[in-house]
J.: 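Below you'll find the structure I mean.
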Amino acid sequence: MSFTPHFSNNYSSPFDKDQATLSNYLEIITKHININWEINWNEKIFNGNVELKMESKKNDLNEIKLDSSFLNIKKVEIDNKIIEYSLGDRIEVMGQALTITLPKSLNKGEIVTIKITYSTTPQCTAVGWLEPNQTKSGKNPYLYSQAQAIHARSMLPCQDTPAIKSTYEAKVISERGLEVLLSGQRKNVKELNQNGKREFTYSQPVGIPSYLIAIAAGELTHKSFDNLKGRNWSTGCWTEPLNMDKAYQEFKEDTANFVKTAEDLTSPYKFGVYDILFLPESFPYGGMENSCLTFATPTIIAGDKSQVDVVAHEISHSWFGNGIGCASWSHFWLNEGWTTYLERLIMRETHGELDRQLSYTVGRRGLVGDLERLNPRFQKLVIEYKEHEDPDEGYSQVPYEKGANFLLYLERTLGGLENFIPYMKDYVRTFEGTSITTDQWREHLFHYFGQHKDGEELTRRLGKVDWDEWLHGGGPDLCVDIEYDDTLSKACYDLAAKWDKARNGDVAGFSKDDIKEFSSTQTVVFLDKLETYDTLPPKVVASLDKLYGLGSTGNAEIALRFYEIALKSGPEYAESAAKWVINKGRMKFCRPVFRLLNEQTPELAKKIFLKHANFYHPIARKMIAKDLGVKVD
Ligand code: BES
Ligand code: ZN
């Protein structure tokens, strides 16, 4: 018997309904969005309109509520007729509900197209605008957006919830010969005048949630990677011209292979294009899975391919997140946990099972570190957001690592990869293109294994899983102690223990060769372990730096761990940490370093941040300011 998922709006828990949208998305849904923007580089705004094609889900629908944040709404029309609307009071973080009164009520299944003429404002939280001196060539301005979780509403009025997926098309005009990229497939570029004014047309024919709408513009070039024959998709990268060679070398081989491996593990890639855009240093994340166009921090171009896992991660979102979505941010772990799980299976194909185990080891330390400092509400896999609470507040390693560990635990419980990969394929086949809750995921899991040839035994095992603890439990660690093979981590742990014993300052027994054979991940594991011991005396930290060159490494993952150890030890490394952090826009790096700097040398932390506040993307700027207890405008 085949599984019929029930896609109902009768959610079983209040958190299944998105608490972070002001839209009435259960009553009417967006099917297609048409974007028309002209970029105004001087005023740092987009000017234009959007058309939302929407379908009513009920009879007698009289109004449409949309999300908006810091938008300047000018006009609302249906069929070229001006329509009444009102903009509600601003609710902190959520923005303002844009309520549109329909001239004629809609019945279930009826379609309406709303045209909204508006402009964004300089307060837009999604878009970072860079001055020419913040780019590689120094010659041109640059802009890029980051919409996840709820910043799309500061670019366009929309139903800003992961529950709703729609296709989109965009026409964007830019000047000065600057390239425009969007999270879809490029259809056309039209010259509008002799001075480099051009119109870019993009289309996203696969339904996507609003948080995947993305734009970047600036001095950019494209190059195709090594692609595979006989596929209906291609991979490549976009960078500022001066970054192209390094970026291309680093990712030209792996990218298409990763997509292919992911396809083998799940289903065919359906977005046609998989390009990576390498952004300037201020990009606040490692990577962002914008459809057709992953956005990535340039810090992953490490020179030794040590951070290609970030690309494996973003590719994996094509199935988990962009393929199967979460119905609300409470179920965000379905995106990130599954993606992290698949990312590690992709890496396993090239680096082997031991490497996969090592990734879980690194991830576990990150998880435990976060659990130690997190509010108990955010320690849960399924987060119970309050009404109008900012989902960015719940961002942590929990959905990633608790999620991936839960799936690893289920994989082990249900007979290993031999059973779990076919199950994963069925999961993708069943829900691809929809947005679901944790209950829907679990229902399908039980159904699938119930039909399995060993169904009776596997169902019995599923019955013994502590669902409540996994999904709704908190505490300082996982509820089941999951162990990982320590073949690759043992030497790292031994070296850390040896340093711990040398805290009296006798470092004669160490040499730079200690870590010569380590992969960069092993060096990370070594430093993570060392950090779990009592704070080291500054003298020992200095020896560590001198011997292994940690303070001057180009590998940001290693540098982060080193500065964490150093800043806990004393103020000696405060100046160099401050110097390191001022061009690290990725929040994974800048937030912990600023937080520790603030504990060790609060004046320096605040001074440095305020001096460089404009470097950071608005999202990071707000978070760091909050961490440091300072105000920025
Ligand atoms: N989708 C996330 C980034 C994100 C999550 C942005 C929530 C805003 C809100 C992306 O796929 C991600 O997980 N990035 C990681 C990459 C890493 C896990 C390999 C990052 O930026 O660190
Ligand atoms: Zn992710």
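Excluded from the calculations below are hydrogen atoms, water molecules and symmetry mates; all remaining heavy atoms, backbone and side chain alike, are included. As the structure is a prediction and not an experimental result, all values here were calculated from the model. We number each residue from 1, following the sequence as shown. Start at 1 and go down the list; that is how both ligands and their atoms are numbered.
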J.: If we check side chain to side chain donor-acceptor pair (under 3.5 Å) with S69, which of these qualifies: Q123, R90, Q96?
T.: R90
J.: Would you list the pairs meeting side chain to side chain donor-acceptor pair (under 3.5 Å) in which at least one residue belongs to residues 580-598, sequence neighbours left out?
T.: E557-K588, R591-D627, N598-K606
J.: Rounding to 10°, state the angle centred on the Zn ion (ligand 2) that links OE1 in E336 with NE2 in H317.
T.: 100°
J.: With the Zn ion (ligand 2) as the reference point, give the N/O/S atom of H313 that is nearest.
T.: NE2
J.: Check ligand 1 for N or O atoms under 3.5 Å from a protein N or O and list each pair with its distance.
T.:
from	atom 1	to	atom 2	distance (Å)
ligand 1	1 (N)	Q148	OE1	2.8
ligand 1	1 (N)	E289	OE1	2.7
ligand 1	1 (N)	E289	OE2	3.1
ligand 1	1 (N)	E336	OE2	3.0
ligand 1	11 (O)	E289	OE1	2.9
ligand 1	11 (O)	H313	NE2	3.3
ligand 1	11 (O)	E314	OE1	2.8
ligand 1	11 (O)	E314	OE2	3.2
ligand 1	11 (O)	H317	NE2	2.8
ligand 1	13 (O)	H313	NE2	3.0
ligand 1	13 (O)	E336	OE1	3.3
ligand 1	13 (O)	Y400	OH	2.5
ligand 1	14 (N)	G287	O	3.2
ligand 1	14 (N)	E314	OE2	3.4
ligand 1	21 (O)	G286	N	2.6
ligand 1	21 (O)	G287	N	3.4
ligand 1	22 (O)	R586	NH2	2.9

J.: Between E349, E411, E401, which is the residue that forms a salt bridge (Lys or Arg N to Asp or Glu O under 4.0 Å) with R344?
T.: E401
J.: Would you mind telling me which of Y395, F15, Y211, Y385 makes a ring pair (Phe, Tyr, Trp, His ring centres under 6.0 Å) with W329?
T.: Y211
J.: For K246, does the NZ atom sit with more than 12 other heavy atoms under 6.0 Å from it, leaving out its own atoms?
T.: no
J.: Counting C-beta onward and ignoring hydrogens, is there a side-chain heavy-atom pair between T235 and V259 closer than 4.5 Å?
T.: yes
J.: What about the rings of W441 and Y423, do their centers lie closer together than 6.0 Å?
T.: no
